[in-house]
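Report on the structure given below.
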Amino acid sequence: MAAARGEFTSRFGFVMAAAGSAVGLGNIWGFPTQAASNGGAAFLLVYLALAFSLAYPALMAELILGRHAHANAVNALRLISPGTLLRRIGVSTGVIGLCVASLILSFYAIVAGWMIAFCLASIAGLLGLEGFAQWLTSFGAPRNITFMLLFMTLTIGIISEGVSEGIERWSARLMPALLVTLVLLVGYVLTLDGAMEGLKVYLLPDFERALSPKLIIAALGAAFFSLSLGVGTMLIYGSYISDKENLPLLGGMVTLVDISIAVLAGFLVLPAMYVALHNGVEIFTAGGTLISEDTLIFTVLPELFSTMGTAGIIVSITFFFLMSIAALTSSISMLEVPVAYTIEEHGVSRKKAVWVIGGIIAAISTVILFNFAQLFGLVIAFTTRYSQPLLGFMFCLYAGWVFNRNTLLQELRKGNPQVEQGLFWKIWPWYVKLVCPLIILAIFAQSLWG
Ligand code: PFF
């Protein structure tokens, strides 16, 4: 059965695909700017603590459930549930997860479209096509829709090729390209005047800011978003892992790659901001905090690039190319969630499922674009801040309380016969049962009533 539904052909292929899902706009854009405005290295420490203590165990819950069931989240949670009620709750969790994955893709495709547009704008600038470059960088319905559709088409094209020919092949190509591009950019930016100032802001901790409850919930959301948790993405990727593989090791590799790239991106974005300041670009808001989010990426950085002459154009093309790749390897993992469910649950062909679901998501993106002020921020907050951690909480409960302990051990033994003697087996089962759900709830309670 596993072969018929597709499988990653190598460990490298899986790690690139899962790290590709994890490494996205959240790492290169979200993490560094959040760190900058929230206590620098102190935020980094809170983030690292949450990533290892909460996100990694939650990631393992999804990978193990997925590989055990060799099925999508809905079927996996149904399969491990002993009674009707648990089965129903499990199925609902899986279905909500796939809706949330689709909604995340609907805003992600808009932002990713802007990245492609900005990349092309730099090329247009290089060719002297100023008018076209202007159109590409201005916020308008035709541009927004064109590039969202272009990005969705790329995502659909890869997913329609299936697991090994589509997801694995493209992740194994794009992820090394992403890493090389990022390292080159970091190396270059660190040589520029002003960069060291940015490095200080990034690396000097301010604990007072980093320990506020509001910030911890932001870091929790960021960690869950960054590892693509709660929506069944990692579960479905886990379901394509061969039984020969050692799951805790693979999960550890994915977490490490994800965190390393976020930290590395901090070495690019913050120094770049202070280089911009050095070149006369405004990087602070009226309130005195660092400019972040869309204004940073689409205003501050382009202004910086324009102060750098021809080198700036090359850097700009490279930077937006990097962002586009990062977004693409993540978006394919989001689309795979509803697609895999539709194929497995309703017996539809992959091509048909991909085009129909991709089309529906593109339609949702269009609705968001036409009601941007009301919907864009709302969809982001609803999906990433609340839904992902809460769904992650449910996956932890199912892995910890519902999944039979012996079956769990059998699953882990498949790729690692000595697992019982290791640290993972001593800690993870009770940890995912008690500690993860409690911490997630405590952080939530804090944010609601604190
Ligand atoms: N992990 C991606 C990022 O950091 O940008 C976002 C993401 C991918 C979220 C896949 C959810 C998902 F299912």
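Atoms within each ligand, like the ligands themselves, are counted from 1 in listed order.
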List, one per line, each side-chain donor-acceptor pair under 3.5 Å for residues 221-229, sequence neighbours excluded.
| unit_1 | atom_1 | unit_2 | atom_2 | d |
| --- | --- | --- | --- | --- |
| Ser226 | OG | Tyr47 | OH | 3.2 |
| Ser226 | OG | Asp258 | OD1 | 3.2 |
| Ser226 | OG | Asp258 | OD2 | 2.7 |
| Ser228 | OG | Ser21 | O | 3.1 |
| Ser228 | OG | Ser21 | OG | 2.8 |

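For ligand 1, the 4.0 Å heavy-atom shell contains residues Ser21, Ala22, Gly24, Leu25, Gly26, Asn27, Ile104, Tyr108, Phe225, Ser226, Ser228, Val231, Thr233, Ser330, Ser333, Met334, Gln388.
A salt bridge links Arg78 to Glu345: at least one charged side-chain nitrogen sits closer than 4.0 Å to a carboxylate oxygen. Between Arg173 and Glu168, none of the side-chain N atoms (NZ, or NE/NH1/NH2) sits under 4.0 Å from a carboxylate O, so this pair counts as no salt bridge.
You'll find the ring centres of Tyr202 and Phe267 inside the 6.0 Å limit.
Side-chain N/O atoms of Ser331 and Thr155 include a donor and acceptor closer than 3.5 Å.
Between Phe118 and Phe320, the ring planes lie tilted relative to each other; the angle falls in the 30° to 60° range.
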